[in-house]
Every structure is written in structure tokens, then in C-alpha cells.
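One-based numbering, in listed order, for ligands and for the atoms of each.
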Amino acid sequence: MSRVYNFSAGPAVLPLEVLQEAQADLVNYQGKGMSVMEMSHRGKDYMAIQDEAQANIRELLGLSSDFEVLFIQGGASLQFAMVPMNFLGKDTFADYVCAGNWGAKAAKEARLFGQVNLAASCDKEIPTRMPEPDELAWTPGAAYAHITSNETISGAQWKQMPVTGAPLIADMSSDILSRPIDVNAFSMIYAGAQKNLGPAGVALVVIRKDFAEKGNKALPNMLRYTTYIENGSMYNTPPCFSIYMLSLTTRWLKNFGLEAIYRQNVEKAALIYAVIDSGTFYRGTAAKAYRSDMNVTFRLPTEELEARFCEEAAKAGLKGLKGHRSVGGIRASIYNAFPVAGVEALVSFMKDFEKRCG
Ligand SMILES: *Cc1c(COP(=O)(O)O)cnc(C)c1O
């Protein structure tokens, strides 16, 4: 059976080479006589895998020794809660930017633990976008400021990260390592792995050591960042296979190069946006200045046409194009591993569909 072009928003397509390498090693990893899933997480074979995963992330992000690389279960959604649990108290407050569904969800969790100020709120606007710099109302003295670098559902992405005096925390679940960033501008970055890093089951957390140490010490072990730092993300059994896959994906990315993947990501997205902008049949969902390179969202003239578009696309081997159930429309998720040929196939399908139905 041949593979389809998988536009799923997450879990999402992985590099074929990575899948093939994992397949070759599945039953008998590097001649060790067992699979990665069956190994002790404290044995030297698995430890080498997790060490490589960390080293790859360090190299790709250009991390100094001020930062720690952690692997935590519970996805990005647990980070929505863990961040305020650690850094927000009864007498402190935090700034949140709500520019879409995920930012709003993060803010909602934080309100369980302390006061949340909305530095900007444009989560309900269409066309979707990120706030303009002069709309951002930061609160002096905030314990931290939280942003979502790419709103996966709406397809809006920060092109330039905002600047605030507070420690900046970013949910980068859907655009981590899709472009070079200045990591020193952040106190913490987190991302569920299943969009740009590997399979589901692990979240990557990159955090400044001195910031982690400010965390609430009265929390259970599994909810404190310092526990993961002190134990090399092995306080308990880590999600070994997910981290193994992340090590292969980040190795693949290192070989590709971050600058090169960024250029390719921009080019891929531009091919689809060019068709959207070529007439009035397709309408982009996000404001042009904030269009995501990872999740390209658009509408057709009617919902009936959108349904037919998805159906016919699927028959042509272009799967997973249906927009998120909360907003409808079409969403093409084209993360790092999504092939250029798949974007070209979508572009010709779009042109042909418009000719037939426009
Ligand atoms: C997918 C996604 C999440 C949720 O991730 P889980 O790992 O499923 O909890 C959070 N934030 C953003 C930006 C996402 O794209």
C-alpha cells in the first residue's frame, strides 16, 4: 500500500526515513536483541538515546548551559496547568496573550491558580491574527507572560516574537524547530511532540534553570520542573519510545539544517497561499501578515463545496484537510516532515477543483 499525503494537524506526518529506520530497528534495536520499548530506561543503550535527543535539541536551538531540556508526559495540555502551578500564586499575576483557541485554553487553566491579565485578546476575530505590538498591554511585575507562537487551529503565527519585561513563556507545539528563533528571549518554551518532533506521548520543555528554581516547592514531584532537572527527566519511567522517535526526527532535522527547513517551509506555504490569492474562490482565514507557514487555513464559497473538496481530495490521496471541528473550513498542516511534492499535489488539485466548481 502506498502512503498518502497526510495533512493532519497532529499527530502528523513523520519523515519517511525516520519511520523506515525505526522499522528496521523495531524488533532488534542495533543488534541488542530487543526493541527500544522493551529496554530498561536506566540501561546504557536507552540512556544513549535520550542523551542524543537532548543533545540534538540543544544543538538545533543553540542552547547555552543556562537552559535545561526536559521530557514530560501529559502533552502541551499538562503544561497549560504546570506553568501556573509552578509560577503563579495567590499574590502574583501573569500576562496571557489570547489570539486563538490554544492561548485561550492556556489562560483558562492559569485562572485556576492565580490572576490572569489578558495582554491582548483577539481569539475570536476573523480574519485570525496575532496582536499588533501597540495592542499589547503588559502588566508591570507579572510573574511571566505567556504566548502561543502558532495558533494551530486558526492558522495565525507570530512572525516576530513580542518583547516584555516579564519572563516570556511560549507554547510552540505547532511550530517548534520550523524556523530559527532567539531562544535567549524566552524563559521557557514547550511543545507537544506530535506535530513537529515525533509521535504523541511526550512534551518537550526547554527552561532556564534559574527560572525553574522559582517554582512552587510544595507541589507533587511529578508536577515540579526541578524534579525533571534533578533526575534528567528520569524521576519515573519516561515515554521511551516517543523520545527515541524524537531523537531520530531531530537527527533528521540536523542533517537537513534548520535554515534549510525554514526556507522550505516558507516556500511550501507560499505555494498554497498563491493559489488562495489568485482569485475569489478561496479565501484565506488568517490576516496576511500573520499567515502560518505550518497550518494553512482557508474557506470555499459554501460549506457544501468544502465538504466536496475534502472528499475529492481524499480520493486523490490528499488526506486530513478538513478544518478543526470548532471552526470548519479547510486546513492544510504542512509541518517540517510534510513533503514538497505533497504541497504541489494539493496546489494542482486546488486549481483543478476551482476550474470545475468555481
Ligand atoms: C496541539 C496543540 C496543543 C495540545 O497539545 P497536546 O499535546 O494534545 O496536549 C497545545 N497547543 C498548541 C499550539 C497545539 O497545536
Side-chain angles (χ1 to χ4, degrees), residues 6-14 70-85 96-110 112 120-123 128-131 144-159 161-162 168-179 181 186 188-206 222-223 228 233 238-239 241-243 245-246 249 265 269 285-286 290-297 320 322-327 329 331-338:
N6 175 12
F7 291 89
S8 171
V13 61
L14 290 166
L70 312 178
F71 299 116
I72 302 182
Q73 299 194 45
S77 298
L78 181 63
Q79 295 309 306
F80 292 170
M82 234 172 116
V83 164
M85 281 173 137
Y96 275 73
V97 173
C98 291
N101 205 287
W102 291 116
K105 270 197 160 154
K108 191 167 176 222
E109 289 288 269
L112 296 170
S121 166
C122 47
D123 54 320
T128 63
R129 63 186 183 93
M130 293 299 173
Y144 62 86
H146 182 282
I147 64 165
T148 310
S149 57
N150 181 69
E151 282 287 354
T152 322
I153 294 175
S154 77
Q157 183 180 36
W158 289 96
K159 297 298 165 180
M161 299 298 173
L168 186 59
I169 300 180
D171 172 4
M172 293 196 184
S173 292
S174 51
D175 68 352
I176 184 97
L177 293 177
S178 68
R179 54 178 169 173
I181 54 157
F186 298 90
M188 175 177 160
I189 288 167
Y190 64 90
Q194 67 275 18
K195 281 140 193 166
N196 241 341
L197 296 173
V202 65
L204 168 69
V205 171
V206 173
M222 290 294 285
L223 297 174
Y228 293 82
S233 297
F241 197 77
S242 296
I243 294 170
M245 292 298 291
L246 184 147
T249 307
N265 286 334
T285 311
Y290 297 101
R291 282 174 164 177
S292 172
D293 293 327
M294 298 281 100
N295 311 97
V296 178
T297 52
K322 196 167 183 297
H324 191 268
R325 61 189 186 283
S326 63
V327 294
R331 173 174 55 174
S333 296
I334 46 170
Y335 302 115
N336 286 349
F338 191 93

[Y] backbone acceptor or donor facing [X] side chain under 3.5 Å:
| X | Y | answer |
| --- | --- | --- |
| N196 | N336 | yes |
| S333 | N295 | no |
| N265 | S178 | yes |
| T128 | S154 | yes |

Practice problem: Count the heavy atoms of every other residue, nucleotide or ligand shown that sit under 6.0 Å from NZ of K159, and state whether that count exceeds 12. | Solution: yes
Quiz item: Under 4.0 Å from ligand 1, counting heavy atoms only, is it the side chain of L78, its backbone, both or neither?
Solution: neither
Quiz prompt | Proximity of K105 to ligand 1 by residue part, where a heavy atom lies under 4.0 Å | solution = neither
Self-check item: Closest non-hydrogen atom pair, A156 against S292
Solution: N-CB, 4.2 Å
Atoms in ligand 1 flagged as close to [X], the criterion being non-hydrogen separation under 4.0 Å:
| X | value |
| --- | --- |
| K195 | 1 (C), 2 (C), 3 (C), 14 (C), 15 (O) |
| F80 | 10 (C), 11 (N) |
| T148 | 13 (C) |

Quiz item: How are the rings of F7 and F338 set to each other: parallel, tilted or perpendicular (split at 30° and 60°)?
Solution: tilted
Practice problem: Provide, to 0.1 Å, the distance between atom 11 (N) of ligand 1 and the closest protein heavy atom, together with that atom's residue and name. | Solution: D171 OD2, 2.6 Å
Quiz item: Among protein heavy atoms, which lies nearest atom 9 (O) of ligand 1, and at what distance?
Solution: S77 OG, 2.6 Å
Quiz item: Would you say N150 has any N or O atom under 3.5 Å from an N or O of ligand 1, going by distance alone?
Solution: no
Practice problem: Consider ligand 1: state whether an atom of it lies below 4.0 angstrom from any non-hydrogen atom of M172. | Solution: no
